[in-house]
Every structure is written in structure tokens, then in C-alpha cells.
Amino acid sequence: MQLNIFHMYPEQLNLYGDIGNIKCLKRRCTQRNIETEIYNFSDENKYDLNMGDIFFIGGGSDRSQQLVYKDFLEYKTIFKDLIENNKVVLAVCGGYQLLGRKFIDKNGNEIPGLGILDYESKYLTDKRIIGNIILESTLDLEPNKIVGFENHGGRTFSKYQPLGKVLVGKGNNDTDMVEGIVYHNYIGTYLHGPILPKNPQLADYLILKALQNKYGDVEELNKLDDEIEHQAYQKAIRIMMNK
Ligand code: GLN
């Protein structure tokens, strides 16, 4: 089996080591003899998005979001169709904000979003939300908690299913105590870390969804010898929950 993994605008949207998510997907596929092809999609390198099985959009500065928006707008319709057709998309922080309707920055400037989904983000104060975060996931994950790190000024307000209930940290905004959104196989989240190496069960969730989309009858993934990853995950939870 084989998966095409698209890294969208990696030069502009790759804050706090978010490329680790691509490396994690590739490694967990390779360890299962699932071949992968990585496509770095940018304003200079265009590929047919219909070839993609998993799409990753990382975080970036407000300015990077604005720069990427202009080029990404050309692919808004096709990207919306991909999401509506259950393609796996993970968007982190700036990437997450970019797929919404708009983002109002700390100076009150409106950075337009692609409007692929119906939510928006805005600074409410000039205080950024920075720190460790733990969620009780709304997805069928084992283990169910998701750990990460958040650093964002924008607050997101959405009516979609959240990725999780916030146990530690802030999440989408200062009041709702939920984080991220889930829509079909699109996951938008503020969690850096990077999120997938910190939560191998979520990486496998995305890989399985992509294989099921592409090959149909894939029941489950074979187990990996990833005791070290799971020990790191449990340690992160112990440290953050006992603070
Ligand atoms: N514009 C975003 C914010 O600060 C981007 C931050 C990020 O991607 N980490 O809210």
C-alpha cells in the first residue's frame, strides 16, 4: 500500500518544528511497509491536489498566513471538495486559522481566510495563549488524551465538533474550554509539539483513515514497537497533570 502526503507551503507554515508531523507520518507508515511520497506544495512547486491522501498545513506568523493566503486561494474550491470527500487534512494553528473565514490580527487588521469552513479567529487581547495543553479527545483514540503545546494570539470560535475538551491549557479561546475542530477527516488544532510525534495514536488514526479512503477494507494497522513513544506520551501527561 502507498500514501501521498502533501505538506502545504512548508517554507512559510512550519513553526515550532511542525515538520515533525510529516516525519512522524512517514516513519509510522514505513515501519508498516506502507510506501509514502511526500509532496512539498508551494507557490513554486505545484502538484495535482487530487493525488493527495493526507494533507498537512503547519503553523506560521500572521504575516506568513497572509502571504500563503494569496496563493492558496486559487485552490480553495478543490481543497473544500477534498475535505467534503473525506480526505485526511491536519491543519495546525496558522494553518487552522487559514481554513476559516477570517483572522483579525492584534492590530485589528483582517487577514482573509479561505472560508472553506465556517469559523473565524481573532485577537481579543494582545496577550497570547502560550503553554502546555492536554485534551480529552472526542475521537475514538486509545489512549484518549492528546498532549501538546499551544502558542497563539488568535482565539477561534466555532460550532463544529471540537477535537477535544481542554483538561490543561486554553484551546480555541479563553472561555469555551474546547480545542480544535473535527469535520469529516479534517482536523484543525492549535496543538504544536509537534502534535503527531507526541500522540502516536492520533498519527495512526490519520494513517488508517487515509488507507480506508484509498483501499477500502483496511480494518486496523498492525501494532508497532513504539514503547518509547508511549512512555514519552505518558510522562508528558504526568508532568502536565501534576503541575
Ligand atoms: N496567527 C496565529 C496566531 O498567533 C499563528 C500562530 C501559530 O501558528 N503558532 O494566532
Side-chain angles (χ1 to χ4, degrees), residues 6-24 40-43 55-73 76 79 89-135 146-158 160 162-164 166 168-181 186-199 202 236 240:
F6 273 58
H7 189 177
M8 304 300 286
Y9 303 98
E11 294 303 312
Q12 296 91 340
L13 296 177
N14 177 22
L15 264 191
Y16 312 119
D18 281 340
I19 195 167
N21 293 306
I22 296 288
K23 292 176 187 292
C24 175
N40 290 319
F41 187 99
S42 69
D43 46 354
F55 297 84
F56 174 68
I57 317 168
S61 66
D62 299 358
R63 177 154 165 62
S64 303
Q65 268 169 253
Q66 205 150 16
L67 294 173
V68 164
Y69 165 76
K70 289 195 183 78
D71 190 78
F72 207 156
L73 187 60
K76 165 182 175 171
F79 213 75
V89 178
L90 174 65
V92 174
C93 206
Y96 169 31
Q97 294 176 344
L98 192 60
L99 268 61
R101 284 196 309 276
K102 61 181 169 184
F103 169 62
I104 311 289
D105 74 11
K106 63 181 169 217
N107 303 315
N109 304 313
E110 179 173 323
I111 300 176
L114 296 171
I116 291 177
L117 288 116
D118 183 21
Y119 58 85
E120 65 181 52
S121 308
K122 52 191 165 192
Y123 274 74
L124 294 180
T125 75
D126 57 2
K127 198 168 169 351
R128 296 181 69 80
I129 295 178
I130 300 176
N132 290 316
I133 181 166
I134 300 182
L135 311 179
I146 298 176
V147 298
F149 181 80
E150 60 182 331
N151 180 339
H152 52 104
R155 275 69 169 171
T156 296
F157 297 87
S158 126
Y160 292 98
L163 173 60
V166 174
V168 171
K170 289 273 188 184
N172 279 346
N173 53 59
D174 309 84
T175 50
D176 293 353
M177 295 313 281
V178 292
E179 198 288 327
I181 80 163
Y186 165 65
I187 292 179
T189 178
Y190 276 115
L191 271 67
H192 296 286
I195 184 171
L196 295 185
K198 275 192 172 246
N199 303 277
L202 182 60
M240 291 192 224

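Note that the structure is predicted; figures quoted are calculated from it, not measured. As the structure lists them, so they are numbered: ligands from 1, and atoms in each ligand from 1.
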Original post:
Parallel, tilted or perpendicular for Phe72 and Tyr9, by the 30°/60° rule?
Top reply: tilted
Original post:
Which heavy-atom pair separates Phe103 from Lys122 by the least distance, and what is that distance?
Top reply: CD1-N, 4.3 Å
Subject >> Parallel, tilted or perpendicular: rings of Tyr16 and Phe149 (30°, 60°) >> reply: perpendicular
Original post:
Would Tyr96 and Ser121 count as having a side-chain donor-acceptor pair, cut-off 3.5 Å?
Top reply: no
**OP:** Can you sort out which atoms of ligand 1 are near Gln65, meaning under 4.0 Å from one of its heavy atoms?
**Re:** 1 (N), 2 (C), 5 (C)
Subject >> Identity of the nearest option to atom 5 (C) of ligand 1, non-hydrogen atoms only, from Gly60, Gly59, Gly95 >> reply: Gly60
Original post:
Quick one: which ligand 1 atoms are inside 4.0 Å of a heavy atom on Gly154?
Top reply: 3 (C), 10 (O)
Original post:
Are Arg155 and Asn172 linked by a side-chain donor-acceptor pair shorter than 3.5 Å?
Top reply: no
Subject >> Flag for Asn109-Asp105: side-chain donor and acceptor within less than 3.5 Å >> reply: yes
**OP:** Verify the distance criterion only: is there a donor paired with an acceptor across the side chains of Ser42 and Glu11 at less than 3.5 Å?
**Re:** no
Original post:
At a 4.0 Å threshold, what atoms of ligand 1 neighbour a non-hydrogen atom of Tyr123?
Top reply: 4 (O)
Original post:
Under 3.5 Å between some N or O of ligand 1 and some N or O of Cys93?
Top reply: no
**OP:** With heavy atoms of Tyr16 as the reference, note each atom of ligand 1 found under 4.0 Å away.
**Re:** 9 (N)
Original post:
What protein heavy atom sits nearest atom 3 (C) of ligand 1, and how far away is it?
Top reply: Gly153 N, 3.4 Å
Original post:
Centres of the Phe79 and Phe55 rings: under 6.0 Å?
Top reply: yes
Original post:
What part of Tyr190, side chain from CB on, backbone N/CA/C/O, both or neither, has a heavy atom under 4.0 Å from ligand 1?
Top reply: neither
**OP:** Give a yes/no verdict on whether any heavy atom in Phe103 is under 4.0 Å from an atom of ligand 1.
**Re:** yes
**OP:** Could you list the atoms of ligand 1 found under 4.0 angstrom from a heavy atom of Asn151?
**Re:** 6 (C), 7 (C), 9 (N)
Original post:
Which option out of Asp62, Ile129, Leu15 puts a heavy atom nearest to atom 1 (N) of ligand 1?
Top reply: Asp62
Original post:
Short list, please: which atoms of ligand 1 are under 4.0 Å from a heavy atom of Gly94?
Top reply: 7 (C), 8 (O)
**OP:** Return yes if some donor-acceptor pair links the side-chain N/O of Asn21 with the main-chain N/O of Asp18 below 3.5 Å, else return no.
**Re:** yes
Subject >> Option whose closest heavy atom lies nearest to atom 2 (C) of ligand 1, chosen from Gln97, Arg128, Arg63, His152 >> reply: Gln97
